[in-house]
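Let me begin by presenting the structure, written as structure tokens, before commenting on it.
None of these values were measured; they are calculated from a predicted model.
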Amino acid sequence: MNFPNYRDFYQKALIPIGSADQAELTSAESDFESFSTHWLIALEGELATKPNEYYHWKVKIFPSNSEGTFSWNKPFYTSTEMESFDNAIEVSRTFELYSKNDQIHTTNLQEKIC
């Protein structure tokens, strides 16, 4: 798989999508239907300034299949930029808990990409 930030992309374990989140995902956009069994939560870094090798981080949530195949250019959610990798990890952990409890759809995802 080849996508723009492949060197600065850290995906976490796949989490099965619950029935309530599945209903929200299906109603969001038909393009997600082929990747609708699991959530893939990832951290993506983007170089902010070249001299200092400083990165901004985003948390992204992708619909995925059980093998981890996902459409890198169609995230379900993208967070705002964070300057701290530690903050991005904490946000991703929060989304992991929501997804394990079938509650991604209840979390006011302000930057939902649909």
Could you tell me the separation between the CG atom of Asn65 and the CD1 atom of Ile17, rounded to the nearest 0.5 Å? 10.5 Å
Rounded at 0.5 Å granularity, tell me how far CD1 in Ile41 sits from CD1 in Ile104.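 Taking CD1 in Ile41 and CD1 in Ile104, the distance rounds to 5.5 Å.
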Side chains of [X] and [Y]: does their closest heavy-atom pair fall under 4.5 Å?
{"X": "Tyr10", "Y": "Phe85", "value": "yes"}
{"X": "Tyr54", "Y": "Glu83", "value": "yes"}
{"X": "Leu43", "Y": "Phe9", "value": "no"}
{"X": "Tyr77", "Y": "Phe95", "value": "yes"}

Without placing hydrogens or testing angles, list every side-chain donor-acceptor pair under 3.5 Å for residues 56-63, not counting sequence neighbours.
from: His56; atom 1: ND1; to: Glu81; atom 2: OE1; distance (Å): 2.9
from: Lys60; atom 1: NZ; to: Glu44; atom 2: OE1; distance (Å): 2.9

Report yes or no: does Ser64 contribute a side-chain atom to a donor-acceptor pair with the main-chain N or O of Trp39 at less than 3.5 Å?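 Between the backbone of Trp39 and the side chain of Ser64 there is no qualifying donor-acceptor contact (under 3.5 Å).
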Applying salt bridge (charged side-chain N to carboxylate O under 4.0 Å, His left out), can you list everything that pairs with Glu90, at least two apart in sequence or on another chain?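 For Glu90, the residues satisfying salt bridge (charged side-chain N to carboxylate O under 4.0 Å, His left out) (neighbours in sequence not counted) are Arg93.
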Side chain to side chain contact (heavy atoms under 4.5 Å, CB included) against Ser66, all qualifying residues, sequence neighbours excluded: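 Here the qualifying residues are Thr37, His38.
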Taking side chain to side chain contact (heavy atoms under 4.5 Å, CB included) as the definition, give me every residue that meets it alongside Asn101, ordered by chain and number, with sequence neighbours left out.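 So Asn101 forms a side chain to side chain contact (heavy atoms under 4.5 Å, CB included) with Gln103.
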Quick one: side chain to side chain donor-acceptor pair (under 3.5 Å) partners of Asn73, sequence neighbours excluded? Ser71
Residues at least two apart in sequence or cross-chain that pass side chain to side chain donor-acceptor pair (under 3.5 Å) with Lys100, listed by chain then number, are none
Connected via hydrophobic side-chain network under 4.5 Å: Leu97 and Leu14: no
